[in-house]
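Input: a single structure, listed below in structure tokens.
Numbering starts at 1 and runs along the sequence shown. As a basis for the values below, the full set of heavy atoms in this structure was taken, side chains included, without hydrogen atoms, waters or symmetry mates.
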Amino acid sequence: MSSTSTDVQDPGAVKGAGVLETRLIDIGREKFASDVWGRTALLARGVSDFSDVFSANAVDELISRRGLRTPFLRVAKGGSTLPESSFTSPAGVGATISDQLDDTELWRKFADGATLVLQALHRTWEPVSSFSAQLSTELGHPVQANAYITPPQNRGFDDHYDIHDVFVLQIEGTKRWIIHEPVHVDPLRSQPWTDRRSAVAEAAEGTPYIDTVLEPGDVLYLPRGWLHAAQAQGKVSIHLTLGVHSWTRHALAEHLVQAALAAMGDDPEMRRSLPLGVDGPNGEIDAVRERLAAAVLKADATALFHRTRRGQGRPAPLGPVAQLAAVEDLGAGSWVRLRDALEARLEGSRLTTRVGWLDFPEANLPSVRRLLDGGDHVAADLGLELVERLLRAGVLVPVDR
């Protein structure tokens with residue numbers, strides 16, 4: 001039995017340029033990776049028409065017709081977030097859930113100068129979901145998406161920094177962005193800007209690194225920690241923010257320590273109680289430090305890393321009716337492929353994915369490895385029994401041909 005690990009390959013990420021290079025930057029992927037990524041802000045003018053990804057019509061559709069609930073929307077005005085109760089209400093007969101969006105109240109607040117923030121659009125709007133998933137595959141880091149809809153001459157939030165990188169895509173209208181260099185470089189998720197309010201406020205009074213007006217088709221990249229504030233100009237501004245939750249060396253260190261601590265649980269010396277009547281741990285620290293260092297050197301955090309990474313995203317949508325039809329109509333000529341964004345990984349005879357794990361007999365492994373290329377396959381070449389099992393597990397999806 002093979003002990004090697006195999007990851008799914010995304011042909012779109014390997015063949016040709018992806019959305020990063022064709023729609024978000026104007027300097028080429030290699031230069032972006034070496035000179036910009038995680039280092040400095042970048043402004044790209046007119047790189048793409050994003051009307052296929054998001055629009056004003058999409059905003060109205062989501063707010064007025066989709067029955068969205070909090071926290072899929074926030075409302076901000078004057079630098080503060082308004083209470084959810086001020087823009088939610090029961091939805092009437094058959095849908096009396098109290099936290100659904102009230103489009104009338106939202107209209108009133110928007111007309112009064114409030115910014116609407118549609119959150120987690122990678123879950124609620126398919127074009128944004130597809131775009132975010134492709135970008136996440138290309139970058140190797142999780143991506144989320146929010147939209148900010150700001151009325152003329154208003155701003156939703158004061159100067160602040162984010163704890164993730166962002167790509168700002170101007171969709172409609174214009175917005176002035178004022179960017180300052182970090183007061184705390186590369187903040188971790190546990191180090192929000194609110195911990196440094198005074199330093200942020202002081203830095204925001206200085207000379208900006210960038211002071212510009214974004215127009216439709218412009219893209220602004222900001223590494224985490226870069227200060228920013230934005231204000232709509234003469235018309236309603238709609239921009240899409242793609243938040244990139246970068247993996248860090250600190251995160252890898254956390255995984256190593258977790259793996260080491262788990263291994264140390266098997267060490268009887270580490271499970272033993274401290275001496276009776278001990279006043280403090282000083283006499284034990286050196287021994288523990290030595291064992292911990294040795295455990296870290298031996299620790300293999302790979303499985304833990306991949307498990308955490310799988311948990312930070314979701315697989316592509318799965319339609320239950322279409323999936324059942326694929327199972328019931330399965331035949332030798334049926335075409336299938338691996339479900340997108342599964343983070344599939346074959347370790348020995350076990351396939352781990354975002355929807356669970358499956359063990360396979362040795363005879364099935366060649367077919368499973370073939371599926372990991374991400375391409376389309378005919379059921380007869382893989383084995384009907386294997387294909388049915390993977391369709392029922394939500395690992396494979398049907399392909400129309």
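Counting only heavy atoms from C-beta outward, the side chains of Leu214 and His239 never approach each other to under 4.5 Å. Annotation: side chain of His184 is not in contact with side chain of Asp195 (no heavy-atom distance under 4.5 Å). Counting heavy atoms from C-beta on, the side chains of Thr124 and Leu118 never come closer than 4.5 Å. Between Val75 and Thr81 there is no side-chain heavy-atom pair separated by less than 4.5 Å. Taking the side chain as every heavy atom from C-beta outward, Leu24 and Phe32 never approach each other to under 4.5 Å. Counting only heavy atoms from C-beta outward, the side chains of Trp37 and Asp165 approach each other to under 4.5 Å. Within the 4.5 Å cutoff, side-chain heavy atoms of Val219 are placed close to those of Phe50. Leu390 places a side-chain heavy atom less than 4.5 Å from the side chain of Leu358.
The line from CZ of Phe72 to CG of Leu62 is 10.5 Å long, rounded to the nearest 0.5 Å. Separating the CG atom in Leu222 from the CH2 atom in Trp177 is a distance of 6.5 Å, to the nearest 0.5 Å. With values rounded to the nearest 0.5 angstrom, Ser86 atom OG is found 10.0 Å from Asp102 atom CG. Here the straight-line distance linking atom CG of Asp218 with atom CG of Asp26 works out to 10.0 Å at 0.5 Å rounding. If you take OG on Ser349 and CG on Asn364, they are separated by 10.5 Å, rounding to the nearest 0.5 Å. Interatomic distance, OH of Tyr221 versus CG of Leu242, reported as 12.5 Å (0.5 Å rounding).
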* To do: Could you go through the salt bridge (Lys or Arg N to Asp or Glu O under 4.0 Å) check for Arg389 and Glu385 one step at a time?
  => CA-CA 6 Å; Arg389 182 186 179 193; Glu385 184 177 342; over 6 Å; no
key: CA sep, side-chain torsions, deciding dist, call: His122, Arg314, side-chain hydrogen bond (donor to acceptor under 3.5 Å, both in side chains)   = CA-CA 10 Å; His122 56 288; Arg314 296 174 61 88; over 6 Å; no
Before giving the answer on side-chain contact (heavy atoms from CB on, under 4.5 Å), spell out for Leu372 and Leu351 the whole-Å C-alpha distance, their side-chain angles and the decisive distance to 0.1 Å. CA-CA 10 Å; Leu372 295 185; Leu351 180 70; 4.1 Å; yes
Exercise. For side-chain hydrogen bond (donor to acceptor under 3.5 Å, both in side chains), just list the numbers for Glu126 and Ser130, CA-CA rounded to whole Å, side-chain angles, deciding distance to a tenth of an Å, and then say yes or no.
Key: CA-CA 6 Å; Glu126 196 282 329; Ser130 297; 2.4 Å; yes
**Message:** Applying side-chain contact (heavy atoms from CB on, under 4.5 Å) to Thr174 and Lys235, what does each step give before you reach the verdict?
**Reply:** CA-CA 7 Å; Thr174 58; Lys235 296 182 179 180; 6.0 Å; no
Exercise for the section: List the steps, then state whether ring-ring contact (aromatic ring centres under 6.0 Å, His included) holds for Phe131 with Phe54. Expected result: CA-CA 10 Å; Phe131 194 96; Phe54 202 62; over 10 Å; no
Test log, rule side-chain contact (heavy atoms from CB on, under 4.5 Å), inputs Leu220 and Ile210 | CA-CA 10 Å; Leu220 177 65; Ile210 292 176; 4.2 Å; yes
Practice problem: Verify side-chain contact (heavy atoms from CB on, under 4.5 Å) between Arg45 and Thr212, making sure each step is shown before the conclusion. | Solution: CA-CA 11 Å; Arg45 294 288 189 190; Thr212 190; 2.4 Å; yes
Inset, instruction - Would you check, one step at a time, whether the test side-chain hydrogen bond (donor to acceptor under 3.5 Å, both in side chains) holds for Ser55 with Asn57? - result: CA-CA 5 Å; Ser55 66; Asn57 289 337; 4.9 Å; no
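For the pair Gln323 (side chain) and Arg392 (backbone), a donor-acceptor distance under 3.5 Å is absent. Checking side-chain atoms of Gln233 against main-chain N and O of Val213 turns up no donor-acceptor pair under 3.5 Å. Panel note: side chain Arg370, backbone Leu382; no donor-acceptor pair is recorded below 3.5 Å. The backbone N or O of Glu84 lies less than 3.5 Å from a partner atom in the side chain of Thr88, making a donor-acceptor pair. Here the side chain of His245 pairs no donor or acceptor atom with the backbone of His164 at under 3.5 angstrom. Proximity of a side-chain donor or acceptor of Asp267 to a complementary backbone N or O of Gly265 within less than 3.5 Å is not detected. Listed for the Thr22 side chain is a donor-acceptor partner under 3.5 Å among the backbone atoms of Gly18. Side-chain atoms of Arg339 come within 3.5 Å of backbone N or O of Ala316 as a donor-acceptor pair. Between the side chain of Arg23 and the backbone N or O of Asp49 there is at least one donor-acceptor pair closer than 3.5 Å. Gln119 contributes a side-chain N or O that, together with a main-chain N or O of Pro71, makes up a donor-acceptor pair within less than 3.5 Å.
In terms of the side chain to side chain contact (heavy atoms under 4.5 Å, CB included) criterion, residue partners of His180 (sequence neighbours excluded) are, by chain and number, Ile178, Pro208, Leu227.
Note that Arg196 lies outside the cation-pi zone of Trp193, set by a 6.0 Å cut-off to the ring centre and a 45° limit from the axis.
Residues Phe360 and Leu365 approach most closely at CB-CD2, 4.0 Å, considering heavy atoms. For the pair Leu338 and Ala344, the tightest heavy-atom approach, listed with the atom from each and the gap, is CD2-CB, 4.0 Å. Residues Leu342 and Pro315 approach most closely at CD2-CB, 3.7 Å, considering heavy atoms. The shortest non-hydrogen separation linking Lys77 to Asp112 is NZ-OD2, 2.8 Å. The heavy-atom pair separating Ala147 from Leu240 by the smallest distance is CB-CD1, 4.1 Å. Between Ala326 and Leu391 the shortest heavy-atom distance is O-CD1, 4.1 Å.
No side-chain donor from either of Gln231 and Ser237 sits under 3.5 Å from a side-chain acceptor of the other.
At most 12 non-hydrogen atoms from other residues, nucleotides or ligands lie less than 6.0 angstrom from CH2 of Trp107. No more than 12 heavy atoms of other residues, nucleotides or ligands sit less than 6.0 Å from atom CD of Glu202. In the displayed structure, Glu30 atom CD is contacted under 6.0 Å by at most 12 heavy atoms of other residues, nucleotides or ligands. Other residues, nucleotides and ligands contribute only 12 or fewer heavy atoms inside 6.0 Å of the CZ atom of Arg249. Few gaps surround CZ on Arg271; more than 12 heavy atoms of other groups in view lie less than 6.0 Å from it.
Under 4.0 Å is where a charged nitrogen must lie from a carboxylate oxygen, and between Arg224 and Asp162 no such pair does. Taking 4.0 Å as the cut-off between side-chain N and carboxylate O, Glu105 and Lys109 count as a salt-bridged pair. A salt bridge links Asp211 and Arg176; the closest N-O separation between the charged side-chain nitrogens and carboxylate oxygens is under 4.0 Å.
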